[in-house]
Amino acid sequence: MGRYTLRYPEDIIARTDRVSLWSLVATAEALNHAGITDPYELYQYMHPSEVGTCLGSGMGGMHSLAKMFKDRRDEKEVQSDIMQET
């Protein structure tokens, strides 16, 4: 059973919430441990339109939310559109 590695550009990783990144890693590991080394083989059994996922806490980007509070606490400049991200 081979392991596959997903690689994303650094700029995408830097802009993606940590919860989403961990979700991607957890999904890849779950598929790998189930013996599915090529996720596209699932398309033989189901169509992507029949599958749904829901991730999140209902509070928006946790990294932005934490940064908003920490920057204010530390009296640093707060991003002007931070509320849009959270």
Side-chain angles (χ1 to χ4, degrees):
M1 175 174 20
R3 292 182 62 91
Y4 57 91
T5 303
L6 298 175
R7 303 236 184 244
Y8 291 96
E10 291 294 323
D11 62 324
I12 292 176
I13 291 173
R15 292 181 296 174
T16 305
D17 190 63
R18 276 192 256 174
V19 173
S20 298
L21 292 174
W22 278 109
S23 297
L24 287 170
V25 170
T27 300
E29 286 295 315
L31 290 171
N32 193 30
H33 287 303
I36 300 170
T37 57
D38 180 12
Y40 288 103
E41 76 182 66
L42 295 174
Y43 293 155
Q44 296 174 21
Y45 307 102
M46 68 187 88
H47 191 272
S49 67
E50 299 173 328
V51 179
T53 58
C54 180
L55 294 174
S57 64
M59 294 176 61
M62 294 304 291
H63 179 72
S64 296
L65 187 64
K67 187 176 180 198
M68 178 177 71
F69 286 106
K70 288 178 184 176
D71 286 353
R72 287 187 191 277
R73 180 195 65 204
D74 297 340
E75 297 181 2
K76 293 181 183 176
E77 185 73 24
V78 177
Q79 182 181 329
S80 64
D81 64 343
I82 194 118
M83 289 303 289
Q84 287 178 311
E85 292 183 20
T86 58

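Along the sequence shown, residues carry numbers from 1.
Within a 6.0 Å radius of CD in E41, other residues, nucleotides and ligands contribute more than 12 heavy atoms.
Distance check: N32 CG to D38 CG gives 11.5 Å after rounding to the nearest 0.5 Å.
Applying the side chain to side chain contact (heavy atoms under 4.5 Å, CB included) test to Y45 and every residue at least two apart in sequence or in another chain returns nothing. For the side chain to side chain contact (heavy atoms under 4.5 Å, CB included) test, residues two or more places apart in sequence or in another chain that qualify with R73 are K70. E77 pairs by the side chain to side chain contact (heavy atoms under 4.5 Å, CB included) definition with nothing, not counting sequence neighbours.
The hydrophobic cluster containing Y43 also includes Y40, under a criterion of side-chain heavy atoms closer than 4.5 Å among ILVMFWY residues, counted directly or through chains of members.
For P39 against T37, the heavy-atom pair with the smallest separation is CD-O, 3.8 Å.
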